[in-house]
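A short write-up of the structure that comes next.
Along the sequence shown, the residues carry numbers beginning at 1. These numbers come from a predicted model, not from an experiment.
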Amino acid sequence: MSYAISAALQAAVYSTLAGDAAVRAAVGDHVYDALPSGPLPGLYVSIGPEEVRSADDISANGAWHDLTVAVMTDASGFRAAKQTAVAVNDALHGAALPLSRGQLVDLRFLKARAKRDTGGLRRIDLTFRARVEDS
């Protein structure tokens, strides 16, 4: 198994979301790899946790990455968060992201969970499954 591609995958996901027209229309520049200090905007996207499992085979070192992208809002309902989650999904599902190391074999939507978070925030966690190989 190789965890070596994790940082390259995260950078590619961030770059894709930050540069996507629909995501930018929803949240502007508020796509975060790490949350900034100080007050947060009313709607933003944050790249969150990941779980990684080995996917080595005879030809390459590889891994399955289940990565979470969170859409957060302080709005009283889920509408804006769900519209933003659709933009995130459209930007990532099936995308052929260029990586600075290795290669992305596949990137697919796996699941989502919408809930009220602490402090009355609404949160949608979208989980994507990426298959990567270190060549």
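Of the listed residues (Lys111, Arg108, Arg53), just one forms a salt bridge (Lys or Arg N to Asp or Glu O under 4.0 Å) with Asp66, and that residue is Arg53.
Phe109 approaches Phe128 most closely through the heavy-atom pair CA-CD2, 3.6 Å. The minimum heavy-atom distance linking Ala130 with Leu107 is given by the pair CB-CD1, 3.7 Å. Pairing each heavy atom of Ala91 with each of Val23, the nearest pair is CB-CG2, 4.4 Å. The nearest pair of heavy atoms linking Val52 to Ala63 is CG1-CB, 3.7 Å. Of all heavy-atom pairs spanning Leu104 and Leu97, the tightest one is CD2-N, 3.6 Å. Minimum heavy-atom separation, Asp125 to Ala70: OD1-CB, 3.3 Å.
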Verdict with supporting geometry, Arg116 and Leu121, side chain to side chain contact (heavy atoms under 4.5 Å, CB included): CA-CA 6 Å; Arg116 286 191 181 147; Leu121 295 176; over 6 Å; no

Check against side chain to side chain contact (heavy atoms under 4.5 Å, CB included), Arg113 and Ile124: CA-CA 5 Å; Arg113 181 174 182 205; Ile124 300 175; over 6 Å; no

Check against side chain to side chain contact (heavy atoms under 4.5 Å, CB included), Leu17 and Val45: CA-CA 9 Å; Leu17 293 175; Val45 172; 4.2 Å; yes

Would Tyr44 and Leu35 count as a side chain to side chain contact (heavy atoms under 4.5 Å, CB included) here? Give the steps. CA-CA 10 Å; Tyr44 63 92; Leu35 294 179; 3.6 Å; yes

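Residues Val13 and Leu92 have side chains in contact (heavy-atom distance under 4.5 Å, counting atoms from C-beta outward). Residues Glu51 and Thr68 form no side-chain contact, since every pair of their non-hydrogen atoms from C-beta on lies 4.5 Å or further apart. Residues Leu110 and Leu126 fail the side-chain proximity criterion, which asks for heavy atoms closer than 4.5 Å.
His65 NE2 to Glu50 CD: the interatomic distance, rounded to the nearest 0.5 Å, is 5.5 Å. Atom OH of Tyr3 sits about 13.5 Å away from atom CG of Asp134, to the nearest 0.5 Å. Interatomic distance, CG of Asn61 versus CD1 of Ile5, reported as 8.5 Å (0.5 Å rounding). A distance of 12.5 Å separates CG in Asn89 from OG1 in Thr84, rounded to the nearest 0.5 Å. Taking CZ of Arg101 as the start and CD of Glu133 as the end, the distance is 13.0 Å to the nearest 0.5 Å.
Between the side chain of Arg131 and the backbone N or O of Ala55 there is at least one donor-acceptor pair closer than 3.5 Å. With hydrogens and angles ignored, the 3.5 Å screen pairs no side-chain donor or acceptor of Ser46 with any backbone N or O of Gly48. Between the Ser15 side chain and the Ala11 main chain, no donor and acceptor come within less than 3.5 Å of each other.
The side-chain contact (heavy atoms from CB on, under 4.5 Å) test applied to Pro98 returns no partner, not counting sequence neighbours. When the side chain to side chain donor-acceptor pair (under 3.5 Å) test is applied to Arg122, no partner is found at least two apart in sequence or on another chain.
Hydrophobic clustering places Val88 together with Val31 (ILVMFWY residues linked when any side-chain heavy atoms are closer than 4.5 Å, directly or through intermediates). The hydrophobic clustering, which links ILVMFWY residues whose side-chain heavy atoms are closer than 4.5 Å, places Ile47 and Leu9 together.
No hydrogens or angles considered: a donor-acceptor pair under 3.5 Å links the side chains of Asp33 and Gln10.
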